[in-house]
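Below is one structure, written out as structure tokens; the observations come after it.
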Amino acid sequence: MSDTSTLGPVRVRYAPSPTGDPHVGNLRTALLNWVFARHAGGQFIVRIEDTDRERMVDGAEDRILEALKWLGLDWDEGPGVGGPYAPYVQSERKALGVYAEAARQLIDNGHAYECTCTPERLDQVRQQQRAKKKPTGYDGYCRNKSADELAAEKAGGLASVVRFKVPLEGEVVFNDVLRGPLTFDPSLLQDFVILKSDGYPTYHLAHIVDDHEMGITHVLRSEEWISSTPRHMMMYEGFGWEPPAFVHLSILLGPDRSKLSKRHGDTALLEFRDKGFLPGTMFNFLSLLGWSAGDDEEVMTREQIVEKFSLDGLNSAPSIFDITKLEWMNGVYLRQLPVETLAEMLIPELEARDGLPESIARPLDRDYVTSLVPLVHERLKVVDRAELSEMLSYFFQDEIDLDPAEVVQKGMDEAVTASALESAALALESAESFEAEPLEEQFRALCVELDLKPRQLFGALRVSLTARKVAPPLFDTMVALGRGRSVDRVRRAAALLSGAGTRERTVS
RNA sequence: GCCCCGUUGGUGCAGCGGCCUAGCACGCCAGCCUUUCAAGCUGGAGAUCACGGGUUCGAAUCCCGUACGGGGUACCA
């Protein structure tokens, strides 16, 4: 494969079908097209292929465009931005007669014909073929029908489609940029439909006409299109057009090695957004599925990926979508975020109904939240409401739900713990400077004084202050909580232990 | 059934005929750091490069076959 920069201006497209929520696999295809275009200084075009009127899903187109925007894949031509080949929506192009005209051209030059076979007959034929263990496909019944016969049938109300006339012999070869020359036997292909009875083109016709008219130079699409490509080659030949270069990308597989789908959990890109993944993470991660720069770098900015991109780096073997690695990468991106930015992201999540407990008043104090961010910053993998609430709720609650048994550390009893906490409360009250470092110094001294290991005293304090065994660094937590609340909590824990020593403890 | 594509540790990738006693990353395990958890650092386990034949002085890399996985086989894209 040669350097693409010598091939002239690159024009690529992403041509989704609005039949559902945009899937990570689709967006990866879009992303690779975009990266390729940007690398080559070419154009990235978005075209909506809404020719299957029955599978259309309301709102799907909007969500596709939304997903592209979220990932930062801006398009030079397409819906919303227009362009020299507008419209970029196939139903609108169909209304202009673009495809009917193309089909007519193919009929006129002998590469296509009209067919009046009913779906019922087609079904029958297929069943017979299956029974005889023969390849299924159209049997060519209408192929040589006379014009008169056809006219009579149509006059009689029979619906018709246009089929491409597949050559009965010879072979079709095309060169896949990634896989090299691929050879197919056209006799196995059968005459396929290019214009449906509702007047809409099939994908085969529509995308070829549009790719040609829009000057597409490279088609980067998913591997599942390989078997259709010989059809496309024959059509280019029928039209007398120069085909673009084909690059069939490997597909994405779920952990069980079957094609990634809903069964594998969330696969819609926007769900990843909603679950707290950053666009930068998704961009980076998606780019690495089936592509590598050839070096060992994995965490890369958008710009680095664009710069390093090359078709040579594409891998033809299928990739498995590994959510564990995605989460790790999101943690990396989260850690790179400035505290203020992260705070801005966290506030709405915490304020959401399923964020912090309802008892906590909204709106939250922005500065206070910002002061809390460093405490959780490197502990986050995703921005998840439930998890955030778990990690931070005790910073907002007036009273925490303490289990006295958890306050008592290994090698201590309730009495020892209670008196140690009393001393700690005193120390907190009298601390000259309520900052993490001096506090730590002071409390280390207290450990010595009380003959306790830091692990013991600090552990007891941690639970007293947070009601959790696992929490951010102790003294930072104290500072964030403030002197008053810290003292109160430590005192309360001490009281719970000494006063309630003989009482049944409350089960939370 | 038929056609096509693919196959490097659990996972994502590197490798493009000798530099491979197969490299990096995630995950896992251990140690360090340490007040817990993370993060970070260091080390470790884990792959006879799906298998079998060739070609070659030499193959993970080229060819053929087999197995397995995947895709396609529609008036879906």
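Residue numbering restarts at 1 for every chain, and letters A, B, ... go by the order of the sequence lines.
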[options]: which one has an atom nearest the side-chain heavy atoms of [X]?
X: A:R179; options: B:rC13, B:rU11, B:rG6; result: B:rG6
X: A:S316; options: B:rC75, B:rA77, B:rG6; result: B:rG6
X: A:E298; options: B:rC5, B:rG12, B:rC75; result: B:rG12
X: A:V193; options: B:rG70, B:rC3, B:rC75; result: B:rC75
X: A:I320; options: B:rU11, B:rG6, B:rC13; result: B:rU11
X: A:R126; options: B:rA74, B:rG12, B:rA77; result: B:rA74
X: A:K325; options: B:rG6, B:rA77, B:rC26; result: B:rC26

Any idea which heavy atoms bring A:P186 and A:E171 closest together, and the distance?
CD-CA, 3.7 Å
Go through the structure and list residues passing side-chain contact (heavy atoms from CB on, under 4.5 Å) with [X], not counting sequence neighbours.
X: A:P438; answer: A:S433, A:E435
X: A:L426; answer: A:E429, A:R491
X: A:R335; answer: A:V332, A:E378

Indicate every side-chain donor-acceptor pair of residues 317-326 of chain A with a distance under 3.5 Å to a residue at least two apart or in another chain.
residue	atom	partner	partner atom	Å
A:S319	OG	A:G290	N	3.3
A:D322	OD1	A:T324	N	3.2
A:K325	NZ	A:E298	OE1	3.2
A:K325	NZ	A:E298	OE2	3.2

Expressed as a whole number of Å, how far does the [atom1] atom of [N] sit from that of [M]?
N: B:rA50; M: B:rG10; atom1: P; result: 12 Å
N: B:rC33; M: B:rG43; atom1: C1'; result: 15 Å
N: B:rC63; M: B:rG71; atom1: C1'; result: 25 Å
N: B:rA45; M: B:rA38; atom1: C1'; result: 24 Å
N: B:rG17; M: B:rC26; atom1: C1'; result: 31 Å
N: B:rU48; M: B:rC16; atom1: C1'; result: 23 Å
N: B:rU21; M: B:rA60; atom1: P; result: 9 Å
N: B:rC28; M: B:rG70; atom1: P; result: 28 Å

Respond yes when some side-chain nitrogen or oxygen of [X] is under 4.0 Å from OP1 or OP2 of [N], and no when none is.
X: A:K196; N: B:rC76; value: yes
X: A:R455; N: B:rU36; value: yes
X: A:N315; N: B:rA14; value: yes
X: A:S250; N: B:rC5; value: no

Can A:E49 and A:T51 be counted as having a side-chain donor-acceptor contact under 3.5 angstrom?
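No pair is found: no donor N or O on one side chain lies under 3.5 Å from an acceptor on the other.
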If a protein heavy atom is under 4.0 Å from the base, mark B; if only from the sugar-phosphate, S; if neither, -; do that for nucleotides 37-45 of chain B going 5' to 3'.
BBSS-----
What salt bridge (Lys or Arg N to Asp or Glu O under 4.0 Å) pairs are there with at least one residue in residues 200-214 of chain A, not counting sequence neighbours?
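Non-adjacent pairs meeting salt bridge (Lys or Arg N to Asp or Glu O under 4.0 Å): A:R13-A:D211, A:R47-A:D210, A:R47-A:D211, A:R93-A:D210, A:R93-A:E213.
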Going by salt bridge (Lys or Arg N to Asp or Glu O under 4.0 Å), name the pairs with one or both residues in residues 466-475 of chain A, residues two or more places apart or in two chains.
A:E390-A:R468, A:E406-A:K469
With heavy atoms under 4.0 Å as the rule, sort [X] into base, sugar-phosphate or nothing.
X: A:F184; answer: sugar-phosphate
X: A:L289; answer: sugar-phosphate
X: A:G180; answer: nothing
X: A:L182; answer: sugar-phosphate
X: A:T19; answer: nothing
X: A:S227; answer: base
X: A:G290; answer: sugar-phosphate
X: A:D185; answer: nothing
X: A:L188; answer: sugar-phosphate

A:F283 six-ring centre to A:R302 NZ/CZ under 6.0 Å and within 45° of normal:
yes
For A:W225 together with A:Y203, are the ring centres under 6.0 Å from each other?
yes
Taking the six-membered ring for Trp and the single ring otherwise, decide whether the centroids of A:W75 and A:Y88 are under 6.0 Å apart.
no
Distance-only donor-acceptor test, A:E224 side-chain atoms vs B:rG70 base atoms, 3.5 Å
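Under the 3.5 Å cut-off, the side chain and the base do not form any donor-acceptor pair.
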With distance as the sole criterion, do the side chain of A:T202 and the base of B:rC75 form a donor-acceptor contact below 3.5 Å?
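For A:T202, whose side chain was compared with the base of B:rC75, there is no donor-acceptor pair (under 3.5 Å).
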Take atom CG of A:L326 and atom P of B:rC13, then tell me their distance rounded to the nearest Å.
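Value for this atom pair: 13 Å.
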To the nearest Å, give me how far apart OH (A:Y333) and P (B:rA25) are.
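After rounding, the gap between these two atoms is 17 Å.
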Presence of salt bridge, A:R53 and A:D50, under 4.0 angstrom:
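Salt bridge between A:D50 and A:R53, a charged N being under 4.0 Å from a carboxylate O: yes.
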State plainly whether the residues A:E327 and A:K381 are in salt-bridge range, i.e. N to O under 4.0 Å.
no
Mind checking who [N] pairs with, Watson-Crick or G-U wobble, both distances under 3.5 Å?
N: B:rU48; result: none
N: B:rG1; result: B:rU73
N: B:rU21; result: none
N: B:rG9; result: none
N: B:rA14; result: none

Going by number, which of residues 157-168 of chain A have a non-hydrogen atom under 4.0 Å from RNA chain B?
A:V161, A:R163
I need the residues from residues 48-61 of chain A with at least one non-hydrogen atom less than 4.0 Å from RNA chain B; give them sorted by number, or say none.
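The answer is A:E49, A:T51, A:D52, A:R55.
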Using heavy-atom distances to pick each residue's nearest nucleotide on RNA chain B, tell me which of A:W291 and A:E223 is more 5'.
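Nearest-nucleotide comparison on RNA chain B picks A:E223.
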Of all residues at least two apart in sequence or in a different chain, which pass the ring pair (Phe, Tyr, Trp, His ring centres under 6.0 Å) check with A:F164?
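Testing A:F164 for ring pair (Phe, Tyr, Trp, His ring centres under 6.0 Å), a comparison that skips the adjacent residues, returns A:F192.
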Under the side-chain hydrogen bond (donor to acceptor under 3.5 Å, both in side chains) test, which residues partner A:N315, sequence neighbours left out?
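side-chain hydrogen bond (donor to acceptor under 3.5 Å, both in side chains) list for A:N315, sorted by chain: empty.
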Which ring-ring contact (aromatic ring centres under 6.0 Å, His included) pairs, counting each pair once, include a residue from residues 453-478 of chain A, with sequence neighbours left out?
A:F443-A:F475, A:F458-A:F475
